[in-house]
Visitor: 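This is the structure I want to talk about, given as C-alpha cells.
Just the heavy atoms: all of them, side chains too, but no hydrogens, waters or symmetry mates, feed the values below. Throughout, numbering of the chain's residues begins at 1 and tracks the sequence.
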Amino acid sequence: MALAFWQTRDVVRREIEASLQAQAETVAAKLRQGVAERVQAVEGWRELEVMQDLAVNDVDKRLSAFLLDTQRRNPALFTRLDAISPAGVVVASSHPGVLGQAVALPPGCGMPMSGTRLCLPANPDREDAEGVVVASLHSRFDDRPLGALLVRLDWREEQQILDLAAGDTLRAWVEDEAGTRVVASRGLRETSATLMGNGAWLTAMVRLPAPVAADGDQWTTHLQQSYATAFAPIRGMAWAFAGLLALAAALIVLAASWFSGRIAQPLVRLSEAALQLGGGGELPGLGRGAPREIHHLRQSLARMVDDLERQRQTLVRAAKLAAVGEFAAIMAHEIRTPLGIVRSSVQTIDPTQLDAESRELLGFIESESQRLERLVNALLDQARARPPQRQPEHIDALVARAVAMVRLQARDKQVHIQFTPTADDPVLQVDAEQLLQVLFNLLRNAIQILPTEGRIELCSRDDAEGWRLTVTDNGPGIPLTDHEAVFEPFVHRREGGTGIGLAVVREIIRAHGGDIRLLPVARGACFEVRLPREI
C-alpha cells in the first residue's frame, strides 16, 4: 500500500506538472499573441498616408480624427493614441486635451530611431497599468524623422488572461530576461507576494520571444500550484490506505493458518509427482478439497508435458525429413547419369523417320526429361551450399553481365530490361559465381512471370552500410502476405516452378552477410538486394 501510495503520488505529481506546463504554454502563447496583434496594428498605422501629415504640419484635423476614431473603435485595447514631434510634443491625439504637451516616456524607453518598441508598465500590478508602443515615423520623400506614434495599451487585457488561467488555486506571472515582472495574476497583484522557488510549489515555465524583440529579449511565463492544494486528495487517500492496511493485516493473520494447511499438502503431492515425470510417471489427482489455483497448476503441468511430447515428435519428424532430404540429394545426383543417357538417346533419333504419333511421343520424352533435369539441378543446388569464395569484384559489371545472359530470353518474350547504375563505389568482396546465380535467378523469374512487352528495371546505389540493388518489374506482383513465404523452399507462385530458386538466392545473399527482401510497390514486384561493404 505504501508503494501504491508513493507511486500514485508520483503519477499525480507528473500529471499536474504536465497539465501546468500545457496551461502555461497556452497562456504564454495567448498573452504574446494579444500583445503582438496590437503591436502589429501600430506598425500598420505608421505606414498609413495620414501619418505623412506630420511632414506639412497639417495634423489638427485629419490625423487627430483618425487617432480618435481608432481609439473609439478599440476602447478595450488602446487607452490613448498620440502623434508626437521629434521634440516629444503631442501634435495630434485621441485626447485633444493633451495637444501641445510634452510626453514623458517610461524609464528606459527612449524614442526609437527606426522601427517599433514596446515599453512595459512601470508598475504592472496596478489596475490602470498601461504598456506603451512607440513607432518611429519618417518622411516617404527624404526619410527624415517626423516624430513617433505613441500608443498606450490597456494592460488589463493581459491581467485578465493570467487571472483566468490562475483561478482560485494557481498563481501566474510573466517576467522578462532581467527578472522584471511584466504582468501577474490577481493574487500576486493584490498581496504583492514575494515569488517563491520550487520548494513548496509545483512550477511550470515557458519561454517565448517578446512580442517586439529587442536584443533577443524573452518573456518567461510562470504558473504555480502549491503542494498543499495539489496533494490534498492524496493525503486523504493515504489515511484510507492506512485503515485498509490495518484491516487487511487482521484478516491475513486469521486466514493464514487455514490457507497454509489447505494449500501445502496438494503442493507437496504435485511436486513429488513432477519429479517423477522424467521416468514416465503420471500426475496424481488432487481431490476436491484442493484450491482452484492448485488445480490450474496441475493443468498447466499437464499441458507442458503434452507440449514437450509434441515437440519431441516434431524433432523426430524433422530428423526423418532431414534424412529424406539427404537421400533425395543422393538420388538426384544418381539420376542425372541415366537421365542424360535418355536425353542423348532421344536426340540421336531422326524425327523425320517417324510418323506423327511417334514424333509426338518423342517430343513428350524430350520435354519431360528436360523438366526432370531442371528439378534434379534445383535439388542439387539446394543441397550443396558452399561458403562464398570472396575477392574484389565490380558489382555493377556483374549485374550488366547477368542482364546480357538473359537478353536473348527477354527478346524472345519482348521484355525490356533497363539497368541504371548509380553506385559511386561498386567494388565489394564477393563470390562472383554465386552472385551471378542470384542475379540470373531474379531476372529469369521476372522474365518468366511477365506478360509480353513487360518491363524490368534494375537500379544500384550506395548507402551507409554498403551496396543495394533493386529489381522491379510490372508483372502481376506478389501479395503482401506472401512476401516472406516466397523465400521458403518449395513455395512458388508460377506454374511449372519448383520453389527452390528464391530459397537459394536468399541463402547465397545471407552467406555474404547481406539480405534480400520484397518491397511493397503499387504494381508488380520489387526485390531489394543488400550487400555489406565489410564483413
Visitor: Are there more than 12 heavy atoms of other residues, nucleotides or ligands under 6.0 Å from atom CZ of Arg401?
Guide: no
Visitor: Show your working on side chain to side chain contact (heavy atoms under 4.5 Å, CB included) between Arg407 and Arg411 and close with a plain yes or no.
Guide: CA-CA 6 Å; Arg407 186 73 71 182; Arg411 186 181 61 188; 5.5 Å; no
Visitor: Less than 4.5 Å apart, side chain to side chain, heavy atoms only: is that true for Arg13 and Leu202?
Guide: yes
Visitor: Ignoring hydrogens and angles, state whether a donor on the side chain of Gln389 or Gln391 is under 3.5 Å from an acceptor on the partner side chain.
Guide: no
Visitor: Rounded to the nearest 0.5 Å, how far apart are OG of Ser460 and CG of Asp424?
Guide: 9.5 Å
Visitor: What do the steps show when you test Met205 against Thr221 for side chain to side chain contact (heavy atoms under 4.5 Å, CB included), and what is the final call?
Guide: CA-CA 6 Å; Met205 293 190 303; Thr221 302; over 6 Å; no
Visitor: Looking at Cys459 and Thr422, what are the two nearest heavy atoms and their distance?
Guide: SG-OG1, 4.2 Å
Visitor: To the nearest 0.5 Å, what is the distance between CG on Asn474 and SG on Cys526?
Guide: 12.5 Å
Visitor: Apply side chain to side chain donor-acceptor pair (under 3.5 Å) to the pair Arg171 and Gln224, showing each step before the final yes or no.
Guide: CA-CA 5 Å; Arg171 65 184 193 178; Gln224 285 187 339; 2.7 Å; yes
Visitor: Apply the test side chain to side chain contact (heavy atoms under 4.5 Å, CB included) to residues Gln448 and Asn445: give CA-CA distance (whole Å), side-chain angles for both, the deciding distance (0.1 Å), then the verdict.
Guide: CA-CA 5 Å; Gln448 290 174 348; Asn445 286 351; 4.3 Å; yes
Visitor: Out of curiosity, Leu223 CG to Gln23 CD, how far, rounded to the nearest 0.5 Å?
Guide: 5.0 Å
Visitor: Using side chain to side chain contact (heavy atoms under 4.5 Å, CB included), reason through Val403 and Leu458 one step at a time and then give a plain yes or no.
Guide: CA-CA 9 Å; Val403 171; Leu458 299 94; 4.2 Å; yes
Visitor: Only counting residues at least two apart or in another chain, list the ones meeting side chain to side chain contact (heavy atoms under 4.5 Å, CB included) with Asp463.
Guide: Glu465, Arg468
Visitor: Would you find a donor on one side and an acceptor on the other, under 3.5 Å apart, between the side chain of Lys413 and the backbone of Leu450?
Guide: yes
Visitor: So, for Ile456 and Ala446, which heavy atoms are closest and what is the spacing to 0.1 Å?
Guide: CD1-CB, 3.6 Å
Visitor: Taking atom CZ of Arg14 as the centre, does the number of heavy atoms from other residues, nucleotides or ligands within less than 6.0 Å exceed 12?
Guide: yes
Visitor: Asp425: which residues meet the salt bridge (charged side-chain N to carboxylate O under 4.0 Å, His left out) condition with it, sequence neighbours left out?
Guide: Arg533
Visitor: So, Glu37 versus Gln33: side-chain donor-acceptor pair below 3.5 Å or not?
Guide: yes
Visitor: Please round to the nearest 0.5 Å and tell me the distance separating atom CD of Glu175 and atom CZ of Arg207.
Guide: 8.5 Å
Visitor: Are the side chains of Thr203 and Leu20 in contact, using a 4.5 Å heavy-atom criterion?
Guide: no
Visitor: Less than 4.5 Å apart, any side-chain heavy atom of Leu442 and any of Val529?
Guide: yes
Visitor: Is there a side-chain contact between Glu453 and Val415 in this structure, where contact means two heavy atoms from C-beta onward sitting under 4.5 Å apart?
Guide: no
Visitor: Is it the case that the side chain of Arg517 and the backbone of Phe527 share a donor-acceptor pair, with hydrogens and angles ignored and the cut-off at 3.5 Å?
Guide: no
Visitor: Does Leu469 reach the side chain of Val399, with side-chain heavy atoms less than 4.5 Å apart?
Guide: yes
Visitor: Less than 4.5 Å apart, side chain to side chain, heavy atoms only: is that true for Leu502 and Arg506?
Guide: no
Visitor: Run the salt-bridge test on Glu528 and Arg461 with the 4.0 Å N-O cut-off and return the result as yes or no.
Guide: yes
Visitor: Identify the heavy atoms of Asp431 and Pro387 that sit nearest to each other, and give their distance.
Guide: OD2-O, 4.5 Å
Visitor: So how far is it from Trp219 CH2 to Asp176 CG, rounded to the nearest 0.5 Å?
Guide: 8.5 Å
Visitor: Starting at CD of Glu177, measure out to OG1 of Thr220 and round the result to the nearest 0.5 Å.
Guide: 7.5 Å
Visitor: Who passes salt bridge (charged side-chain N to carboxylate O under 4.0 Å, His left out) against Asp355, sequence neighbours left out?
Guide: none
Visitor: What closest approach, in Å, do Ala400 and Phe419 show between heavy atoms, and which atom pair accounts for it?
Guide: N-CE2, 4.3 Å
Visitor: I want to check something: taking the side chain as every heavy atom from C-beta on, are Val183 and Leu31 in contact at a cut-off of under 4.5 Å?
Guide: yes
Visitor: Considering all heavy atoms of both residues, which atom of Pro392 and which atom of Val427 are nearest to each other, and what is their separation?
Guide: CB-CG1, 4.2 Å
Visitor: Identify the heavy atoms of Gln225 and Leu170 that sit nearest to each other, and give their distance.
Guide: CB-CD2, 3.2 Å
Visitor: Do Ile417 and Ile447 touch side chain to side chain, with heavy atoms closer than 4.5 Å?
Guide: yes
Visitor: Using side chain to side chain donor-acceptor pair (under 3.5 Å), reason through Thr452 and Gln414 one step at a time and then give a plain yes or no.
Guide: CA-CA 6 Å; Thr452 304; Gln414 299 181 16; 5.9 Å; no
Visitor: Thinking salt bridges, do Arg455 and Glu457 make one under a 4.0 Å N-O criterion?
Guide: yes
